[in-house]
Protein chains: 2
Amino acid sequence: MAKTVSAPRRQPPYHHGNLAQALVAAGLEMATEGGPEALSLREAARRAGVSPTAAYRHFEDRDALVMAVKVAVLAQLGAALRAATRSRLPSGLDDSERARQRLIGIGRAYVDFAIANPGRYRMIFAEATFPSDRLQGEDGKDAGESPYGILGEVLDQMVVASALDPERRTGAEIPMWALVHGLSSLILEGPYQQLPRREQTALVQSALELVVSGL
Amino acid sequence: MAKTVSAPRRQPPYHHGNLAQALVAAGLEMATEGGPEALSLREAARRAGVSPTAAYRHFEDRDALVMAVKVAVLAQLGAALRAATRSRLPSGLDDSERARQRLIGIGRAYVDFAIANPGRYRMIFAEATFPSDRLQGEDGKDAGESPYGILGEVLDQMVVASALDPERRTGAEIPMWALVHGLSSLILEGPYQQLPRREQTALVQSALELVVSGL
DNA sequence: CCGGATTGTTGACGGTGTAAACATATACGC
DNA sequence: GCGTATATGTTTACACCGTCAACAATCCGG
């Protein structure tokens, strides 16, 4: 009775089913816990309940896994920024001011994401053996929900709402992007880590306003 | 004849003489080649011509060496910024404009350092096991030639030269610091790595002007 | 001159990334 | 339906890494 053969799913099947995805999920966990340097192929395999080198059937090397996790994190950040673009704005603002507030809003959302998820955030800037083999390509042409794409969208809307001179639109993402990333680094690893959250966000707000008003 | 005993310095003496320093130097090399993750205690020992674990007499663990190298890099960056504050400025500028140009100058110098020394630059933001044990302290109270201190000096000079409202002096380093760090990251690992150096520096210049004029 | 403190060495352990050889399940052509 | 190629997972092995403990050489203060 209870033949081993026909017993349904006694122990995990030989084939995992979706190892690649499970490995990325494990990698995401590890990144959350300790950033990019905490990400290990063997540990990921362990967490996926699979032999130490099974990951090599899905990722050429550690860097490949890192990249995959990085992409996943970018998607999460993109979602956070997208959510920020949908948040309610105080009423009684004209279109121009609303567009401006949207921009400041995603800036805040970016830094908030970094503060709330330091490990995952740092994953975004993980390296791939510096002498960069094939850095370009990237293919991410859709960029539909890429953080950078969303920033571009919001800037475009500012132009439409006459909150930004069309002539200054080109390259406008640069100072914004640089600022939010710089702020995040400063708060995460720099001189402002000790500050109470309250003051941190105040500092972020004023820096954002400064740059946005300068655009 | 030629007694082994008295033969002068046939082979390196048992005691290295200045291992700690040599290890930091080796670490600096390795950081130059491949950033923080390329830094290994054993390899540093090897380059210093010493046994694999000798480093432990001078550094508690790998992180300690990383920190030491980080300090060394900060000093180099500080020197670069200091040099920028001494560079000649075009004549015919009033004090206020000169002070402003100084600020832009160290901003450029910061990004230039990052571009010229990506590995060493990234070392500055190397982590020490995120759950940070004793992050504060830092003691670096002198800050004489610390990059952050130099930035503060230049901002103070702007106040003196009436290029910056004293009321806005507090926290003025934040957007500047965030910007130059963000720009560096963007150029090193972000969407602008492919750009010709020429356009990169142009982009840096305009972002700096935008922020400085907004201070 | 001697004995303790510094500094460096040796050997060992568990962890990592990676490659090669092997095993098993799945999928596809006949 | 069968049989085999292919995809996926396992085992074994190697070199490297960080770290610890035990040992050896040198230096320095009494």
Side-chain angles (χ1 to χ4, degrees), chain A residues 4-27 29-31 33-69 126-130 133, chain B residues 4-27 29-31 33-69 126-130 133:
Chain A
T4 323
V5 162
S6 60
R9 278 305 122 70
R10 296 287 303 172
Q11 45 200 8
Y14 186 88
H15 282 86
H16 179 286
N18 203 339
L19 224 204
Q21 186 171 308
L23 289 170
V24 171
E29 273 183 34
M30 296 163 57
E33 296 161 7
E37 57 273 351
L39 200 154
S40 136
L41 269 187
R42 295 182 94 111
E43 173 67 15
R46 211 170 294 133
R47 296 194 187 193
V50 102
S51 82
T53 67
Y56 282 88
R57 298 296 159 191
H58 301 271
F59 299 95
E60 202 178 345
D61 54 17
R62 198 194 99 112
D63 268 6
L65 212 218
V66 169
M67 288 307 180
V69 173
E127 288 286 319
T129 55
F130 216 90
D133 306 340
Chain B
T4 320
V5 162
S6 60
R9 278 306 122 71
R10 294 287 303 171
Q11 44 201 9
Y14 186 88
H15 283 86
H16 179 285
N18 204 339
L19 225 205
Q21 187 171 309
L23 289 171
V24 171
E29 273 182 33
M30 295 162 58
E33 295 161 8
E37 58 273 353
L39 201 155
S40 136
L41 270 186
R42 295 181 96 112
E43 174 67 17
R46 211 169 294 134
R47 296 195 187 192
V50 102
S51 82
T53 67
Y56 282 88
R57 297 295 160 194
H58 301 270
F59 299 95
E60 202 180 344
D61 54 18
R62 199 195 97 113
D63 267 5
L65 211 217
V66 169
M67 288 306 180
V69 173
E127 288 287 316
T129 55
F130 214 64
D133 306 339

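Side-chain atoms are counted along with the backbone in the values below, which use heavy atoms only and exclude waters and symmetry mates. Every value quoted in this text rests on a predicted model; they were computed, and no experiment measured them.
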Visitor: Looking only at side-chain N and O atoms, does B:Arg57 come under 4.0 Å of OP1 or OP2 in D:dC20?
Guide: no
Visitor: Roughly how far, to the nearest 0.5 Å, is the CE atom of A:Met67 from the CD atom of A:Glu60?
Guide: 12.0 Å
Visitor: Report yes if the side chains of B:Leu41 and B:Tyr56 come closer than 4.5 Å at any heavy-atom pair, otherwise no.
Guide: yes
Visitor: Specify the separation, in whole Å, of atom CG of A:Leu41 and atom P of C:dA19.
Guide: 11 Å
Visitor: Hey, is the side chain of A:Thr53 poking within less than 4.0 Å of OP1 or OP2 on D:dT10, counting only N and O atoms?
Guide: no
Visitor: Calculate the interatomic distance between B:Arg46 atom CZ and D:dG18 atom C1'; express it in whole Å.
Guide: 12 Å
Visitor: Could you tell me how far apart A:Glu43 (CD) and C:dT18 (C1') are, to the nearest whole angstrom?
Guide: 18 Å
Visitor: Side chains of A:Leu65 and A:His58: does their closest heavy-atom pair fall under 4.5 Å?
Guide: no
Visitor: In whole angstrom, give the distance that lies between atom CG of B:Leu65 and atom C1' of D:dC17.
Guide: 14 Å
Visitor: Using atom CE of A:Met30 as one end and atom P of C:dT16 as the other, report the distance to the nearest whole Å.
Guide: 8 Å
Visitor: Check the distance between C:dG15's P and A:Arg62's CZ and give it to me in whole angstrom.
Guide: 17 Å
Visitor: Could you tell me whether A:Glu33 and A:Arg47 make a salt bridge, using a distance below 4.0 angstrom between a side-chain N and a carboxylate O?
Guide: yes
Visitor: Among D:dT19, C:dT9, C:dT16, which nucleotide sits nearest the side chain of B:Ala54?
Guide: C:dT9
Visitor: Hey, could you give me the CG/CZ distance between A:Leu19 and A:Arg57, rounded to the nearest 0.5 Å?
Guide: 11.5 Å
Visitor: With the side chain of B:Leu19 defined as its heavy atoms from C-beta on, choose the nearest nucleotide among D:dT19, C:dG8, D:dT11.
Guide: C:dG8
Visitor: So, is A:His58 near the phosphate of D:dA7, with a side-chain N or O under 4.0 Å from OP1 or OP2?
Guide: no
Visitor: So, is B:Ser40 close to the D:dG18 phosphate, meaning a side-chain N or O under 4.0 Å from OP1 or OP2?
Guide: yes
Visitor: Output the single nucleotide from C:dG8, C:dT16, D:dG18 whose closest atom is nearest the side chain of B:Tyr56.
Guide: D:dG18
Visitor: Got a donor-acceptor pair under 3.5 Å from the side chain of A:Arg42 to the base of C:dG15?
Guide: no
Visitor: For A:Leu39 and C:dG15, give me the distance from atom CG to atom C1', rounded to whole Å.
Guide: 15 Å
